[in-house]
Amino acid sequence: MATASIKKWWKNAIVYQIYPRSFCDSNGDGIGDIPGIISKLHYLKELGVDVIWLSPIYPSPGYDNGYDISDYKGVNPEFGTMEDMERLISRAKRMGIKIILDLAINHTSDEHEWFKKAVAGDPKYREYYYFKTQSGNKKPNNWHSFFGGPAWSKAENGDYYLHLFSNKQPDLNWHNPDVYNEIADIMRFWLDKGIAGFRCDLVNIIYKDTLDNGKRRLSLTGKEHYLNTEGCHELLKRFYKDVWSNYKSFIIGEAVMVSPEDAKLLCDEDRNELNTLFFFEHMDVDARWNKWVKRQYKPYKLVKVLDKWQNALETPSNYLENHDNIRSVNHFGNTKEYWEKSAKLLCGLNLSLRGIPFIYEGEEIGMTNGDFRGLRDIRDIESYSINQSLKKMFLGHSLRRKIILRTSRDNARTPVQWDSSENAGFTEGSPWLKINENKSYINVKRELEDENSILSFYKKMIDFRKNSKGLSEGTYRRVASPNDVYIFTRESQEERLYIYCNLSSYNKNVEFYGDRIIFGNYDEDEQILNCLKPYEYRIVASNI
Ligand code: ISL
Ligand code: CA
């Protein structure tokens, strides 16, 4: 029993994602860094964070902000030194906070030594990637890249290489046992330094079973040859046996395009692969055929998808926001009339679901999408690629601008707003990405001082969850409810909690269960029996 609880230390954790570039800058170069993170550890501790997930901190030419890694055993000098990293790990440990790292192992940077040696003709390293010699300009197959355009480019040696993301991110060849050994060694290197686990980027697409042509599709032609392959499951089982289980590490996979059935095969406990994973279906409820072409967001669809995943996974990872999507209050809330209420509702929802809650930096103060003036303010490589693809489709500038400003990943990457000063307390220099003007109101300093702020609500909610067996360990069951209202129970041996979430901007009549309201985002005098106000969140309890 004891071993089991040690093994699963992460099951009740509150995880906070830091995108280091945008978190806090300590030396005035406009780029967030590790000393900056260290300076905010007490803030995170006060918030109630148990685990920090750091987006990549390794050396990288930065075309994809660190998801193009050029040295897996180093620290990007823009972020600090290895000593800084060691200091972060040990300081956090002393405060009872664990650190997990992001590991992008589907691809490296094209500036990684392995790729450079491969292009220079070293036969050992050529086998680390997928190179193909072709006559003429015919690509080796018809696969698409995730960022738009073909998945093959020519290297300096004249050969084609595979890249499912940008041409600065060549895919690793996981058929080669040397690649497995290198990555296992890298994981041990960091685990020995005291990190607690990894968020494995794109983990369900690393193993390509063949390089045959794919069935032609509008986007991502080729995907049937690399999504959730048997080879991928074998690799994960090996990592689990050789590395992860020896360190009792916490391993989250980022799994793209998975159904609950695929996901269970990747993270059910008896499979000995991942501990949990990020799925995307709820983030795409407003996507038409991809996330750049949106349809109107319908809350009842979000409810349906969340409910499906709550029932499917042993330990779901719950999140409403990350560095690849727009801000949740823009996505699922109402920034015009109900910014504060809807941000609190989303907090309540995320922290009431069964599983592990993830909070993305700035979400806890209700940060909104960037207020970019035009495409010139955008830095994201994905937005650039999409712009190119849209140009090829003859879309005019103003339409492209509209699509990109609305969906760009940079919306969630603007610097964290610590105070209302010119650069929001993020930097003393000039920030790498435009800071939102609403920093004058939406900022940590003001919200720390206001007991009714979104930040204060997060603190109370985290505290509530930690002290509630129902929320942290209880079962989950959805209760029938009107459209756009999500009602579910969380039940432990002692208590049954009814969670009410009105995800709409309208009053909703509902049937109430339970006998005492114990938590919510409306004051007592505003609460009405049998009616939920716009974006109202309520917990009603009953003893068992
Ligand atoms: O953001 C996406 C599309 O707009 C996703 O498809 C995303 O690219 C996918 O989830 C993989 O994301 C991860 O790997 C990418 C990197 O750009 C993302 O930031 C990272 O989270 C490539 O390394
Ligand atoms: Ca800096």
Side-chain angles (χ1 to χ4, degrees), residues 17 19-39 53-58 60 62-69 75-81 84 102-110 144-148 151 163-172 199-206 219-220 223 227 252-258 277-281 283-284 287 289-294 319 321-326 358 360 379-386 389 403-404 406-413 415 423 426-432:
Q17 181 191 354
Y19 197 67
R21 232 183 145 70
S22 304
F23 190 65
C24 179
D25 174 24
S26 72
N27 61 353
D29 65 357
I31 297 173
D33 48 46
I34 298 165
I37 298 173
I38 295 175
S39 73
W53 149 30
L54 289 179
S55 277
I57 44 81
Y58 320 95
S60 158
Y63 288 93
D64 193 12
N65 286 353
Y67 283 92
D68 45 335
I69 301 170
V75 171
N76 187 339
E78 282 185 327
F79 296 155
T81 61
D84 291 329
D102 207 315
L103 201 62
I105 51 177
N106 175 65
H107 44 258
T108 69
S109 158
D110 65 340
H144 290 151
S145 125
F146 278 63
F147 287 166
H163 58 87
L164 286 183
F165 286 79
S166 81
N167 61 355
K168 305 291 293 173
Q169 295 165 298
D171 280 40
L172 283 166
R199 176 261 190 192
C200 298
D201 193 52
L202 292 166
V203 80
N204 68 324
I205 69 167
I206 59 178
S219 70
L220 291 184
K223 67 181 176 183
L227 273 180
I252 315 160
E254 187 208 28
V256 289
M257 291 176 275
V258 281
L277 54 73
F278 291 126
F279 49 89
F280 288 82
E281 197 179 348
M283 299 302 266
D284 291 335
W289 51 82
N290 59 36
K291 73 174 197 188
W292 306 290
V293 190
K294 290 199 178 283
Y319 71 99
E321 192 166 318
N322 64 21
H323 65 293
D324 287 338
N325 288 281
I326 60 171
F358 286 74
Y360 175 66
R379 301 280 170 273
D380 181 20
I381 187 173
E382 181 191 71
S383 303
Y384 281 100
S385 313
I386 300 304
S389 305
I403 292 176
I404 289 169
R406 207 167 71 166
T407 57
S408 173
R409 305 189 297 183
D410 278 351
N411 280 304
R413 298 177 179 182
N423 289 319
F426 163 72
T427 180
E428 289 185 350
S430 157
W432 73 277

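FYI, the numbering just counts along the sequence from 1. Counting convention: from 1, in listed order, for ligands and their atoms alike.
With 3.5 Å as the limit, one finds no donor-acceptor pair spanning the side chains of S408 and D380. Under 3.5 Å, the side chains of N65 and Y19 contain a donor-acceptor pair of N or O atoms. Using a 3.5 Å distance cut-off with no hydrogens or angles, the side chains of S60 and Y67 do not pair a donor with an acceptor.
Applying the 6.0 Å contact sphere to OH of Y63 captures no more than 12 heavy atoms from other residues, nucleotides or ligands.
Shown in contact with R413 at under 4.0 Å from a heavy atom are these atoms of ligand 1, numbered in order with element: 19 (O). Applying the 4.0 Å criterion to heavy atoms of R409 picks out, from ligand 1, the atoms 1 (O), 8 (O), 16 (C), 17 (O), 18 (C), 19 (O). Listed by atom number, the atoms of ligand 1 under 4.0 Å from D201 heavy atoms are 12 (O), 13 (C), 14 (O), 20 (C), 21 (O), 23 (O). Listed by number with element, the atoms of ligand 1 under 4.0 Å from a non-hydrogen atom of E254 are 9 (C), 10 (O), 11 (C), 12 (O), 13 (C), 21 (O).
For N106, no heavy-atom contact with ligand 1 is shorter than 4.0 Å. Contacts of Y63 with ligand 1, taken as heavy-atom pairs under 4.0 Å, are absent altogether. In Y67, the parts holding a heavy atom less than 4.0 Å from any atom of ligand 1 are both the side chain and the backbone. Counting heavy atoms under 4.0 Å from ligand 1, residue L202 touches it through the side chain alone.
The aromatic rings of F165 and H107 sit tilted, their planes meeting at an angle between 30° and 60°. Taking the six-membered ring where the residue is Trp, F358 and W53 present perpendicular rings, their angle passing 60° and hence far from 30°.
Among the atoms of N27, an N, O or S atom falls under 3.0 Å of the Ca ion (ligand 2). At least one N, O or S atom of I31 sits under 3.0 Å from the Ca ion (ligand 2). Residue side and main chain included, E78 places no N/O/S atom under 3.0 Å of the Ca ion (ligand 2).
Geometric assessment of R21 against the ring of W432 yields a positive cation-pi assignment under the 6.0 Å and 45° thresholds.
Taking CG of N76 as the start and OH of Y58 as the end, the distance is 12.0 Å to the nearest 0.5 Å. To the nearest 0.5 Å, atoms CD (Q169) and CD1 (I69) are separated by 9.5 Å.
Within the structure, the closest approach of R199 to ligand 1 falls below 4.0 Å when heavy atoms are considered.
D33 contributes atom OD2 as its closest N/O/S atom to the Ca ion (ligand 2).
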